[in-house]
Enquirer: 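First the structure, then my questions, so here it is.
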Amino acid sequence: MRRIVSFLKSKLVRAPAPPPAVPPEGDLRAAFRKRYAHFRSLLTANNNTLQAMADLEQVFYSGQSYRMAVIRSKITTILVNVYKMIRDLIAMGDGKYQELIPVFERISSKLELIVDRKPEYQSGPMIVPLAECNSEQHHLVGDKMARLGMISRLEGISVPPGFVVSATATRHFLADHLDEINRRLQVLESDDLDGLYRTCAELREMITTAPLPGDLQELLQVHYSRLEKISQPGCRVALRSSALGEDSRGISFAGLYNTMLDADRSTLVSGYKEVIAGKYGARAIAYRRRRGYRHEDIEMCVGCMVMIDARVGGVIYTRDPANRDGDVLHVIVTSGLGKGVVDGTGDSELIRLQRRFPHVSTDNSATPSLGPSAAAASLVNEELLSRLAVAALKIEAAFGEPQDIEWALDHNDKLYILQSRPLQIDDDETGAASVEPAAAADPGEPPLIRGGVCVSRGVCCGEICRVESEQDLGTVAKGAIVVVSHPLPEWAPLLNQVAGIIAETGSEAGHLATVSREFGVPALFGVDGAMSLLTDGLQITLHADDCAVYRGRRDGLLVARPVAKDPMAGSPVQRLLTEAMQLVTPLNLTDPDAAQFKPSWCETIHDITRFCHEKSVTAMFSFGRTHHFDEGRAKRLVGEVPLEWWVVDLADGLRPGIDDDAKTLRIEDVVSVPMQAIWNGLIAYPWQGPPPVSARGFGSIIFQSTMRPEIDPSVASRLTVKNYFLVSKHFCHLSVRLGYHYALIEAYLSDLLTESYVTFRFKGGAADMGRKTLRVQLLAETLEHYGFRVELQADSLLARLKKRPADYLETRLQVLGYLILHSRQLDMIMDQVGSLERYRDKFFAEIDSMFAEAPLHALEEH
Amino acid sequence: MKQFNVLIVDDEDEFRDLTIKRLTKKGLIVEGAESGRKALDIIKTGRIDVVVLDVKMPGMDGIETLGHIRALQPLVEVVLLTGHASVESGIEGMKLGAFDYLMKPIELEPLLEKLNDAYEKKRLHEEKIEQAMIKKHMAMPS
């Protein structure tokens, strides 16, 4: 595109000057061409800006994840291009519009501050004893340890003795490395899994080999010695991650980080570094990206706690995750520490207890009315279960919400709480109900597999991809359904890109289960033999709620698919983009005739681009006047023409012999090939005036007009009726304001395929968003039907054709000519049922017969 | 396509060598410099038309180098390049008269287009100056 522009520029500038007639005329033409070159450059920058703005809106409203790097790069693109526009406009305006510069500086420096804003860190002691941790210190010790500190002070509840190495210590440790770490993360492409794992390995290496500052090392040893005094010399400790900055609701950050068990004095430092390095594990990086956290938003602290010699351990959910109103709490029991439960590898047993004292077990779903199985009963008797429940409910009460608690009993049956966090609860209560009838109504082949545990609800369809090791991760296609043996937390990075996940083992209590629910990825665990039953490439439909896997695509089931949640809701990156968007996209300068249409009223980037574009068009048209042509160069088309059209000749767009001073011309005088093509489309069918408006349509337009007083429909502003063609023999730029719509066609037709293009932009309208969207949808469908590549964003449309033969492009320009006339005010009636189909059919029919009747009009005439 | 002289300035050896190789294959005359100082030495010779300049370099950074280039050879066009977008350096570079601003990783085609555009601008600029000189000489025949 830019090559075309420069080609055109060069062509225009180098075009052989007319035979030496009147020298001043030649100078004027040269001046005109210089101005035209700036105009073209400004239009290109304008297009780039609008595109980047649309991209930003797209990521903002898509409900999908986006990265800070994308925002930064789009905003940079926008600012650089707006700067170019201002530069070009000032050059075109012979030094006018200088006052745009301070306005731009003000807005761009505000944007810079937002985009480069750093989180605020707070400092404190490098090490804090666990018993002293409380909620006020969560900015120092991380959420997990702050909560554990609070639990340790609840009466009758024990946590292992320990201390926390704070975020202040982490910053001290990594002071010389943070810049390099952040730089490496920034250049990482989002879907490059190989690169992700490579970078993670490098960062881990960097952190684990960095020397620990002497003062921190000394403090660690002192505090370890204190633990030895409390428990026993040479005691083993567990090093657990405790991140801070993970403060959004509904976000678990479960199982992302490293825990080092069985450390002692000799491995304390290396273990500490491993946990710190865990912040940059692949799981953690992928998760933060998906949820809209910058890496600097999260700080890692490390809890160091005496190891409990556990006889039995596990997890408690103080509510049933699938039914939060039920009177049931879940205890998941395994022998030894609870690690096997949370990483999905160990055998465990679910026991359901009544929340009411004395917390007897309810009917066990596997063995009705028998209560806990014999195996579980041998690990925990009724009395212990009751104690567990009492402690769990006390913790729930202390935090005021359902909890997900990790616990252990030592060999004396003393209960220790190892961790507690808010329970992730499935909010989508209507999901199951709406899925059932659909499942029942879908006949056909019975499921390939039925069984397992639904750990994350939903229905999805995709091709099977079995994953056995981390090496396989790179082979997983977007939208695949992954099958694994064990639901290890290591697979979590996949949740960014897969449609569903099936595992042979595991339960709802695993980390991977938690994260699947959170990401809204349907997941079925505990499916015996899945790895052998399901072969790579097999297309299946997974109905997790129903614990069923069907062969092929089952549309009847897929209709029940629930709406995905916005993974970025409330995240720092989303907050940041929201703030930045306020300075970018709102448009306040809508009416060029309003008194406020000047630089000092520009509040956003959009305002500046709007201003520059409008003034550049004016500068082009006023060229004649300011350069003492007798009249402006814009000539009005006269004759049998609908509406009002003006033509500006840029180079060789008019028949030789047309008087430069003429105020009017007839369509026959135009030799611009692309303009003729558009014109043929415009006049192919007479426009029958505005179609009848339904009452609602009219009301909506009035409403919008009231919100934007300057577009009062009774006061037609000058530019609502003037439409300009800027032409040369092979080039045409048409800007149209029909009613409240804004359309722009630009075409360059060359014998060289690579240089030819047609672009069409369409935006706006005075109707409400719903109808605007319907109208662009109609346009999009029509344009796609005729071979355009179409991009839609809310109510704006961009359609392009490139590298096609000139005669083909001419027919497409006819289509555009037809559409800009006939889509006028369509939105007033677009809400009527079936109107989209009706108009689409009408468009297709008329365009096709237009081609049949008048093929390549323009070519025949010239 | 017309041949012209391009200088790639980047401290990252891998990127510089790869870019030189690919652009040379496309028929351009390309050389490299690993630092701003080295780049200025080459530009002083007057054989360079377009410079691709990395913004983030140790020592003399891209923006500073750009300033020197503009002073040394005002007609040389400069395309700025950064590993990750930086709002500030983008605008700063444009203000100092860079031709345009690209973000890494960059594919060959867009880079080639940009270089062609930049060269086109330089050539037109030179042509204009030449014509002005001719006019001047014609007006004052010696």
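Residue numbers start from 1 in every chain, and the chains themselves are labelled A, B, ... in the order their sequence lines are given, proteins ahead of strands. On a predicted model such as this, the values are computed, not experimentally measured, just so you know.
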Enquirer: Begin with the C-alpha distance, continue with both residues' side-chain angles, and end with the deciding distance and a verdict on side chain to side chain contact (heavy atoms under 4.5 Å, CB included) for A:Glu105 and B:Ile91.
Expert: CA-CA 10 Å; A:Glu105 304 258 323; B:Ile91 299 171; 5.7 Å; no
Enquirer: Between B:Ala118 and chain A, which part of the residue has a heavy atom less than 4.5 Å away: side chain, backbone, both or neither?
Expert: neither
Enquirer: Are there more than 12 heavy atoms of other residues, nucleotides or ligands under 6.0 Å from atom NE2 of A:His177?
Expert: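 Correct, the count exceeds 12.
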Enquirer: Relative to chain A, which segment of B:Lys95 carries a heavy atom at a distance below 4.5 Å: side chain, backbone, both, or neither?
Expert: both
Enquirer: Rounded to the nearest 0.5 Å, how far apart are NZ of A:Lys84 and OH of B:Tyr101?
Expert: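 OH of B:Tyr101 is found 12.0 Å from NZ of A:Lys84.
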Enquirer: Which answer fits A:Thr77, side chain, backbone, both or neither, if we ask what part of it has an atom under 4.5 Å from a heavy atom of chain B?
Expert: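 The answer is both parts of A:Thr77.
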Enquirer: Would you indicate whether the side-chain heavy atoms of A:Leu79 and B:Met94 approach each other to under 4.5 Å?
Expert: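 No, every pair of side-chain atoms sits at 4.5 Å or beyond.
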